[in-house]
There are 2 protein chains.
Amino acid sequence: MNTYQHRSYIEVLRSHGIRPLNHRVAVYEYLAKHPVHPTADQIYTDLRKNMASISRTTVYNVLHLLTEKNVITPITIDPKELRFDANTQEHVHFLCEKCHRVFDLESMESQPTVSVPDGFTIGSVSLYVKGTCPACAE
Amino acid sequence: MNTYQHRSYIEVLRSHGIRPLNHRVAVYEYLAKHPVHPTADQIYTDLRKNMASISRTTVYNVLHLLTEKNVITPITIDPKELRFDANTQEHVHFLCEKCHRVFDLESMESQPTVSVPDGFTIGSVSLYVKGTCPACAE
DNA sequence: TTCAATGCAAATTTTTTGCAAAGTC
DNA sequence: GACTTTGCAAAAAATTTGCATTGAA
């Protein structure tokens with residue numbers, strides 16, 4: 001493990017008021033290093049390979065905690081499964097309806113400036129695009 | 001039941017190549033008349049009151065069919081539950097994180113014109129906003 | 001009569017919960 | 001030692017499937 005990077009994950013957690021326990025760092029580091037928007041089960045299955053002691057319950061616990069503290073973002077683009085993203089910058093997500101991969105479209109034009117009627121308060125904005133990715137277009 | 005309206009639901013289904021069987025019309029009509037973005041279970045429970053013969057399986061079947069034929073739109077704004085909307089016009093959805101109601105923001109500025117990298121093909125675009133609604137703001 | 005749609009019950013999948021054991025400060 | 005986190009197993013919730021029955025053209 002790259003200690004320098006590892007330390008920075010710990011710092012991110014600390015700066016959000018989260019005690020950087022091993023399992024928490026592992027889940028966060030996994031998400032940061034695998035920006036493919038994995039599901040809870042994918043995270044659990046993969047982490048399990050190198051970390052025999054982690055349980056499904058803990059993965060759910062940590063994902064809830066990180067979401068609540070705004071360290072990660074849940075992505076609901078696919079009705080079938082909830083995915084997670086360590087990149088909390090607002091950016092567009094693209095779901096390929098053939099291969100079911102989710103792509104980041106960070107380079108695209110900035111998020112729309114949404115305005116809402118009086119009385120509504122905006123917490124977050126998500127822009128989801130569905131269609132076909134280049135690999136599946138052929 | 002208002003026969004004129006009823007007939008128009010039938011026409012919508014026909015125009016999308018869907019045989020307007022009773023249960024299908026009932027689900028579609030329910031969604032059209034209850035634009036609160038209900039879940040499959042809400043639809044089932046409510047329809048059940050007036051239509052003893054409908055089953056959960058049929059509700060799921062019909063929702064799948066209508067979605068596939070683009071007569072309704074599934075809404076994934078809330079990670080907890082899948083909702084449905086008979087309004088297939090693109091419009092913004094707002095989830096109140098306190099009362100968990102979903103509002104249409106049709107009057108808001110038009111959907112952003114999203115552009116995607118070469119090779120990607122856009123099928124649909126969803127703009128989801130989360131926050132607090134007027135009633136819960138107090 | 002032939003094919004499509006329905007409904008039941010069971011299976012699957014995903015997530016949550018209670019609680020005892022283990023870990024942290 | 002006091003408090004937090006974890007892991008197991010069981011429960012709950014949501015959706016899908018197999019298949020026999022019913023309905024429609």
Side-chain angles (χ1 to χ4, degrees), chain A residues 9-10 13-14 16-31 37-69 71-85 100 102, chain B residues 9-10 13-14 16-31 37-69 71-84 95 100 102:
Chain A
Y9 298 126
I10 292 177
L13 297 186
R14 277 224 179 84
H16 285 82
I18 298 170
R19 284 164 60 191
L21 306 179
N22 284 347
H23 291 165
R24 291 168 173 181
V25 177
V27 168
Y28 181 52
E29 186 164 351
Y30 180 88
L31 270 174
H37 319 91
T39 64
D41 199 66
Q42 285 164 354
I43 297 168
Y44 167 72
T45 304
D46 273 8
L47 282 183
R48 200 62 206 262
K49 293 174 189 163
N50 303 311
M51 197 177 206
S53 75
I54 200 168
S55 75
R56 231 182 269 275
T57 304
T58 297
V59 171
Y60 280 107
N61 282 345
V62 173
L63 291 172
H64 284 156
L65 178 68
L66 299 186
T67 298
E68 191 185 304
K69 300 286 190 180
V71 179
I72 63 174
T73 307
I75 300 173
T76 58
I77 195 171
D78 189 337
K80 295 275 190 180
E81 48 199 8
L82 182 58
R83 296 154 169 273
F84 295 90
D85 194 346
H100 285 258
V102 173
Chain B
Y9 298 126
I10 292 178
L13 296 186
R14 278 226 178 81
H16 284 81
I18 298 171
R19 284 165 59 192
L21 305 180
N22 283 347
H23 291 163
R24 290 169 172 180
V25 177
V27 169
Y28 181 53
E29 187 164 352
Y30 179 88
L31 270 174
H37 320 91
T39 64
D41 200 66
Q42 285 165 354
I43 297 168
Y44 168 73
T45 304
D46 274 7
L47 283 183
R48 200 60 205 262
K49 295 174 187 161
N50 303 312
M51 197 177 205
S53 76
I54 201 167
S55 74
R56 230 181 270 275
T57 305
T58 297
V59 172
Y60 280 108
N61 282 344
V62 173
L63 290 173
H64 284 156
L65 179 69
L66 299 186
T67 298
E68 190 185 305
K69 300 286 189 181
V71 179
I72 63 174
T73 307
I75 299 173
T76 57
I77 196 171
D78 190 337
K80 295 273 191 183
E81 48 200 8
L82 182 58
R83 295 155 169 273
F84 295 90
L95 171 69
H100 286 258
V102 174

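Note that the structure is a prediction, hence the values are computed from the model and not measured. The chains referred to below are lettered A, B, ... by the order of the sequence lines, with proteins before strands, and numbering in each begins at 1.
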- Message: Quick check: do D78(B) and E81(B) have side-chain heavy atoms less than 4.5 Å from each other?
- Response: yes
- Query: Rounded to the nearest Å, what distance is computed from the CD1 atom of residue I54(A) to the C1' atom of nucleotide dA22(C)?
  - Reply: 15 Å
- Between the side chain of Q42(B) and the main-chain N/O of T39(B), is any donor-acceptor distance below 3.5 Å? yes
- Item | Contact under 4.0 Å: Y60(A) side-chain N or O vs dT16(C) OP1/OP2 | no
- Note on the structure: Partner of D41(A) under salt bridge (Lys or Arg N to Asp or Glu O under 4.0 Å), picked from R83(A), R48(A), R56(A), is R56(A)
- Task: Examine dA14(D): is either OP1 or OP2 under 4.0 Å from a nitrogen or oxygen in the side chain of K80(A)? Give yes or no.
- Result: no
- Nearest to the side chain of L21(A) - dC8(D), dT15(C), dT24(C)? dT24(C)
- Can you check whether R24(A) has a side-chain N or O nearer than 4.0 Å to OP1 or OP2 of dT5(D)? yes
- Flag side-chain contact, heavy atom, 4.5 Å: Y60(B) against T58(B): no
- Item | Separation of atom CZ in R56(B) from atom C1' in dT17(D), rounded to whole Å | 16 Å
- Query: Starting at the 5' end of DNA chain C and moving along, which residue's nearest nucleotide shows up first, N61(B) or H64(A)?
  - Reply: N61(B)
- Task: Find the distance F84(B):CZ to dA14(D):C1' and express it as a whole number of Å.
- Result: 11 Å
- Message: Please check this pair: side chain of T76(A) against backbone of T76(B), looking for a donor-acceptor N/O pair closer than 3.5 Å.
- Response: yes
- Take L82(B) and R19(B), find for each the nucleotide of DNA chain D with the closest heavy atom, and name the residue whose nucleotide sits nearer the 5' end. L82(B)
- Item | Closest to the T58(B) side chain, choosing from dA9(D), dA9(C), dT6(C) | dT6(C)
- Task: Would you mind reading off the distance between L13(B) atom CG and dA5(C) atom P, rounded to a whole angstrom?
- Result: 13 Å
- Counting only side-chain N and O atoms of H23(B), is one of them less than 4.0 Å from OP1 or OP2 of dT6(C)? yes
- Query: Whole-Å distance between dT12(C) C1' and D41(A) CG?
  - Reply: 13 Å
- Item | Protein-nucleotide distance (L65(A), atom CG; dT16(C), atom P), rounded to Å | 14 Å
- N22(A) atom CG is separated from dT24(C) atom C1', nearest whole Å, by 11 Å
- Rounded to the nearest Å, what distance is computed from the OH atom of residue Y44(B) to the P atom of nucleotide dT15(D)? 14 Å
